[in-house]
2 protein chains.
Amino acid sequence: MENIVNKIRGFNRFYTRIIGVVNNHILESRYSLSEVRVMYEIYHNPKITARQIKEIIQVDEGYLSRLIKKLVTLNIVNKIKSQDDHRISYLKLTENGEKIFLNLNQRSSDAISEIIQHLNKGEQEELILLYKKIEILLTKKGNQNAD
Amino acid sequence: MENIVNKIRGFNRFYTRIIGVVNNHILESRYSLSEVRVMYEIYHNPKITARQIKEIIQVDEGYLSRLIKKLVTLNIVNKIKSQDDHRISYLKLTENGEKIFLNLNQRSSDAISEIIQHLNKGEQEELILLYKKIEILLTKKGNQNAD
DNA sequence: AATAAATACTTGCCTATAGCAAGTATTTAT
DNA sequence: ATAAATACTTGCTATAGGCAAGTATTTATT
């Protein structure tokens with residue numbers, strides 16, 4: 001068991017570097033990782049609320065409030081006050097914000113393409129399968145027969 | 001290709017959360033992730049230098065200098081000036097520092113044990129194999145036949 | 001040997017990131 | 001009508017981390 005844990009920790013160190021490489025272009029951009037994650041959530045879920053983002057990315061709500069305010073002043077995000085509930089604003093990317101996000105997004109994809117480009121089609125598909133199996137194992141719910 | 005990249009990005013989001021869970025106890029401790037990474041490198045490589053740590057964990061050397069100074073005042077690290085080269089100090093954990101590091105280390109291991117505890121022996125070994133294959137694929141050097 | 005260049009580290013200064021707690025506005029429950 | 005809950009904001013603060021200049025020492029150049 002200890003041996004297995006150590007191997008996983010070794011992989012985690014390895015994979016932390018991979019993720020670092022992939023995120024590097026964001027750190028070199030004008031935006032922070034948190035800002036891009038917020039853009040990501042808004043892009044993939046238009047009319048999301050600050051509260052929902054907070055829950056998804058687990059960030060301090062004070063910090064998030066200021067972060068969104070900044071994105072609004074940068075003309076990246078629009079806040080649209082709900083008619084039903086005046087406490088809430090729905091968030092969406094502006095046209096400009098969408099451009100900026102999609103550009104960053106493309107560069108994330110490019111960074112990954114870079115990493116897997118030298119693999120042939122079969123290897124790439126094997127990789128995806130491996131990832132999928134890991135995700136399944138790690139999200140598998142416990143059962144009585146575990147040992 | 002795009003599809004494959006998207007799947008990898010999905011895995012990366014998933015795995016970023018896993019790593020976050022594993023690191024959570026450190027964020028709840030008295031020490032920062034960087035401090036613990038530094039302790040980790042010193043523990044695994046006694047008489048390492050600041051320069052070497054900088055290269056391994058890619059951190060600003062000014063920040064690192066102060067970080068090490070803090071660990072020294074906390075009686076976690078000792079600096080031992082090299083006799084040959086007076087610019088250099090070799091770093092080692094104090095007895096106290098080793099205790100603190102090993103405790104944090106154990107808790108990292110515990111967090112991982114937690115995640116895989118409900119898997120049976122066979123599944124755990126499968127997991128390790130999957131990790132290993134991924135690491136091999138991702139570190140594989142490119143070749144002409146790639147496609 | 002004297003001077004220049006490189007290396008290892010330190011320090012000063014500054015900004016971004018993020019956390020906590022109290023506060024405001026609005027809605028929902030009692 | 002009042003209290004409690006929700007959604008968000010604001011004030012205050014601490015920490016993380018970056019950049020550039022500075023110090024001490026060693027190595028290379030002439």
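What you are looking at is a predicted structure, and each value in this text was computed from that prediction instead of being measured. Chain letters run A, B, ... following the sequence lines, proteins first, then strands; residues in each count from 1.
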Just the rounded figure in Å: distance from P of D:dG18 to CD1 of B:Ile57. 11 Å

As a test of reading the structure: which of C:dT10, D:dC8, D:dC12 is closest to the side chain of A:Arg66, going by heavy atoms? D:dC12

How long is the span from the OG1 atom in B:Thr94 to the CD1 atom in B:Ile76, to the nearest 0.5 Å? 7.0 Å

Of D:dA16, C:dG19, D:dC8, the nucleotide closest to the side chain of B:Tyr63 is D:dA16

Less than 4.0 angstrom from a charged side-chain N to a carboxylate O is my criterion; do A:Lys92 and A:Glu98 meet it? no

Under 4.0 angstrom between B:Lys54 side-chain N/O and C:dA8 OP1 or OP2: no

Nearest-angstrom distance from the residue atom CD1 of A:Ile48 to C1' of D:dA7: 14 Å

Does either side chain, that of B:Tyr15 or that of A:Asn12, offer a donor lying less than 3.5 Å from an acceptor on the other one? yes

Check the hydrophobic clustering (I, L, V, M, F, W, Y; side-chain heavy atoms under 4.5 Å; chains of links allowed) and say if B:Tyr63 and B:Leu71 are grouped together. yes

Need the pair for C:dT28. Rule: Watson-Crick or G-U wobble, both distances under 3.5 Å, any strand; none if unpaired. D:dA3

Protein-nucleotide distance (B:Lys69, atom NZ; D:dT23, atom C1'), rounded to Å: 13 Å

Are B:Leu137 and A:Phe14 grouped together when hydrophobic residues (ILVMFWY) are joined by side-chain heavy atoms under 4.5 angstrom apart? yes

Nucleotide paired to D:dT13 in any strand shown, Watson-Crick or G-U, under 3.5 Å: C:dA18

Within the 4.0 Å heavy-atom criterion, would you say B:Lys79 contacts the bases, only the backbone, or no part of the nucleic acid? sugar-phosphate

Which residues within residues 28-39 of chain A lie with some heavy atom under 4.0 Å of an atom in DNA chain C? A:Ser32, A:Ser34

In this structure, how many angstroms lie between the P atom of C:dA18 and the CD1 atom of A:Ile68, rounded? 14 Å

Shared hydrophobic cluster for A:Ile19 and A:Leu33 (ILVMFWY, side-chain gaps under 4.5 Å): no

Mind checking whether B:Tyr43 and B:Phe101 have parallel, tilted or perpendicular rings, split at 30° and 60°? tilted

May I ask which nucleotide in the shown strands pairs with C:dG12, Watson-Crick or G-U wobble, both distances under 3.5 Å? D:dC19

Are A:Tyr40 and B:Val5 linked, directly or through other ILVMFWY residues, by side chains that come within less than 4.5 angstrom of each other? no

Of the nucleotides D:dC19, D:dT10, C:dC9, which has the atom closest to the B:Asp60 side chain? D:dC19

May I have the distance from A:Lys70 (atom NZ) to C:dT17 (atom C1'), rounded to whole angstrom? 10 Å

Between CG of A:Leu67 and P of C:dA16 the distance, given in whole Å, is 13 Å

Measure the OG1-CZ distance between A:Thr16 and B:Arg37 for me, rounded to the nearest 0.5 Å. 7.0 Å

Could you state the CD-P distance from B:Glu61 to C:dG12, rounded to the nearest angstrom? 16 Å

Pick out the pairs of N or O atoms, protein on one side and nucleotides 26-30 of chain C on the other, that lie under 3.5 Å.
{"from": "C:dT26", "atom 1": "O3'", "to": "A:His86", "atom 2": "N", "distance (Å)": "3.4"}
{"from": "C:dT27", "atom 1": "OP1", "to": "A:Asp84", "atom 2": "O", "distance (Å)": "3.4"}
{"from": "C:dT27", "atom 1": "OP1", "to": "A:His86", "atom 2": "N", "distance (Å)": "2.9"}

Need to verify one output field. Residue with the more 5' nearest nucleotide on DNA chain C, A:Gly62 or B:Leu64? B:Leu64

Let me know which of B:Arg51, B:Gln52, B:Gln58 forms a side-chain contact (heavy atoms from CB on, under 4.5 Å) with B:Glu55. B:Arg51

